[in-house]
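All of these numbers come straight from a predicted model, not from anything done at the bench. Proteins come first, then strands; the chains are lettered A, B, ... in the order of their sequence lines, and each starts at number 1.
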Number of protein chains: 2
Amino acid sequence: MGFDDGEPVFADKGHDHAQCKARAISGAEAICLSLDLRLTDLRRQVLEIIWSSHKPIGAYDILESLSAQRGRVAPPTVYRALDFLVSHGIVHRIETLNAFVGCREPGPDHDGQFLICSDCGVAAELNDPQMMAAVVRSIRHAGFQPVRQTIEVSGLCPECLEQSRGE
Amino acid sequence: MGFDDGEPVFADKGHDHAQCKARAISGAEAICLSLDLRLTDLRRQVLEIIWSSHKPIGAYDILESLSAQRGRVAPPTVYRALDFLVSHGIVHRIETLNAFVGCREPGPDHDGQFLICSDCGVAAELNDPQMMAAVVRSIRHAGFQPVRQTIEVSGLCPECLEQSRGE
DNA sequence: AAAGGTATGTTATAGTGTATCGTTCGCGTG
DNA sequence: CACGCGAACGATACACTATAACATACCTTT
Ligand SMILES: [Zn+2]
Ligand SMILES: [Zn+2]
Ligand SMILES: [Zn+2]
Ligand SMILES: [Zn+2]
């Protein structure tokens with residue numbers, strides 16, 4: 001299930017998040033290098049802000065954080081950077097939250113499936129081929145040609161679930 | 001796959017849509033009767049507007065249409081009616097479109113899966129137990145407790161697909 | 001009739017996302 | 001180097017989506 005990197009779907013509380021972020025930046029650099037894209041300062045800063053946690057962050061929260069770094073910034077600046085990052089599979093948009101989250105395995109043309117904790121706010125990305133296959137199979141029966149899929153499940157992450165059982 | 005009522009997932013172009021609408025209203029009436037809820041004039045009018053087609057409609061388009069019927073109407077009026085209809089499973093919200101669409105099999109506590117044509121705008125609702133099972137199975141492996149699922153797939157409906165092949 | 005809850009009206013404002021235009025930057029070409 | 005071109009960015013204004021807060025009307029029960 002999920003990625004084949006052996007990592008848990010939900011990073012535990014004490015994990016080395018600096019490493020998460022560093023790996024994400026490296027991945028973005030690799031993509032831009034291979035596709036001849038430009039990871040400008042602005043885009044890199046936005047990506048770093050998004051990776052400041054595993055919780056999806058809204059465009060205007062990004063804007064605020066960005067303004068602290070480079071002075072007054074207007075919405076289009078943020079949205080353009082987001083468009084770039086999302087269109088190249090470096091960041092995902094969470095439709096149910098109007099928010100953005102970093103991709104663990106960046107690359108073109110993948111939609112992922114997201115588990116979003118309604119308690120603590122963290123989001124985890126799956127990329128389960130069996131789930132995707134089940135969805136596509138069901139859809140094809142309807143004569144529908146899928147292009148883009150949005151799968152977002154809200155609920156309780158393992159930690160918050162554990163906590164709720166304790167009470 | 002889908003509902004067990006034998007109807008096609010996508011209603012064809014020449015179908016009797018007045019019947020779709022009438023059945024939806026009847027369903028809503030039945031729900032309200034059984035749960036002691038009030039399907040007021042306002043709520044019924046909003047439901048009828050939503051059922052004017054199989055295309056998801058935005059809140060402000062509903063507002064405009066509603067204003068034509070009962071004079072100036074403010075956003076909260078529409079959103080409150082929508083909250084009622086959505087919370088009782090009579091209408092679904094399409095997250096990827098910020099729009100609302102009528103439910104074919106209204107009732108509490110179901111999320112459905114939606115196929116949305118990016119060409120003509122129609123949306124069809126599935127309720128495929130196999131797909132849901134596959135999603136839940138994959139999710140449980142991550143130690144996640146699902147509460148609400150949002151599955152929306154955009155692409156081409158059978159008619160638009162046929163048309164695009166012809167060109 | 002009085003009371004209390006539900007539904008609606010009304011105004012204002014919050015939150016999210018784009019259109020448009022002008023300027024700057026990076027880079028290849030003559 | 002000067003030029004030209006497209007991509008990226010800055011800045012202003014605006015469009016679209018949704019809710020807060022408070023007042024009023026309605027409906028049901030006592
Ligand atoms: Zn981390
Ligand atoms: Zn949590
Ligand atoms: Zn119909
Ligand atoms: Zn279509």
Testing D/dT12, C/dT18, D/dG10 for proximity to the side chain of A/Leu42, the answer is D/dG10
Exercise. Within the modelled atom types, does a donor on one side and an acceptor on the other bring the side chain of B/Arg80 and the base of C/dG9 under 3.5 Å apart?
Worked result: yes
B/Glu95 atom CD is separated from C/dG17 atom C1', nearest whole Å, by 16 Å
Closest of D/dA20, D/dA18, C/dA19 to the B/Asn98 side chain is D/dA18
Give a yes-or-no answer on whether the side chains of B/Glu152 and B/Thr96 include a donor-acceptor pair shorter than 3.5 Å. yes
The side chain to side chain donor-acceptor pair (under 3.5 Å) partner of A/His110 among A/Glu105, A/His92, A/Gln149 is A/His92
Here the distance between atom C1' of D/dG6 and atom CG of A/Asp36, to the nearest Å, is 13 Å
Item checked: Test: B/Arg148 and B/Glu95 ion pair at under 4.0 Å -> yes
A/Leu37 CG to D/dA8 C1', in whole Å, measures 13 Å
Per atom distances to the A/Arg93 side chain, the nearest of C/dG17, C/dT11, D/dT12 is C/dG17
dist B/Arg93:CZ -> B/Thr150:OG1 (nearest 0.5 Å) comes out at 9.5 Å
Check: D/dA15 base within 3.5 Å donor-acceptor of B/Tyr60 side chain:
no
>> Taking 4.0 Å as the cut-off, does a side-chain nitrogen or oxygen of A/Arg43 come that near to OP1 or OP2 on D/dA8?
In response: yes
Per atom distances to the A/Arg38 side chain, the nearest of C/dG26, D/dT12, C/dT8 is C/dG26
OP1 or OP2 of D/dC9 sitting under 4.0 Å from any side-chain N/O of A/Thr77? no
From CG of B/Asp83 across to C1' of C/dT6 the rounded distance in Å is 15 Å
Note: for B/Pro76 and A/Arg70 on DNA chain D, the residue whose nearest nucleotide lies more 5' is A/Arg70
B/Tyr79 atom OH is separated from C/dT10 atom C1', nearest whole Å, by 17 Å
Can you establish whether the number of heavy atoms outside A/Asp16 located under 6.0 Å from its atom CG is more than 12? yes
Of the candidates C/dA7, C/dG17, D/dT19, the side chain of A/Ala59 sits closest to C/dG17
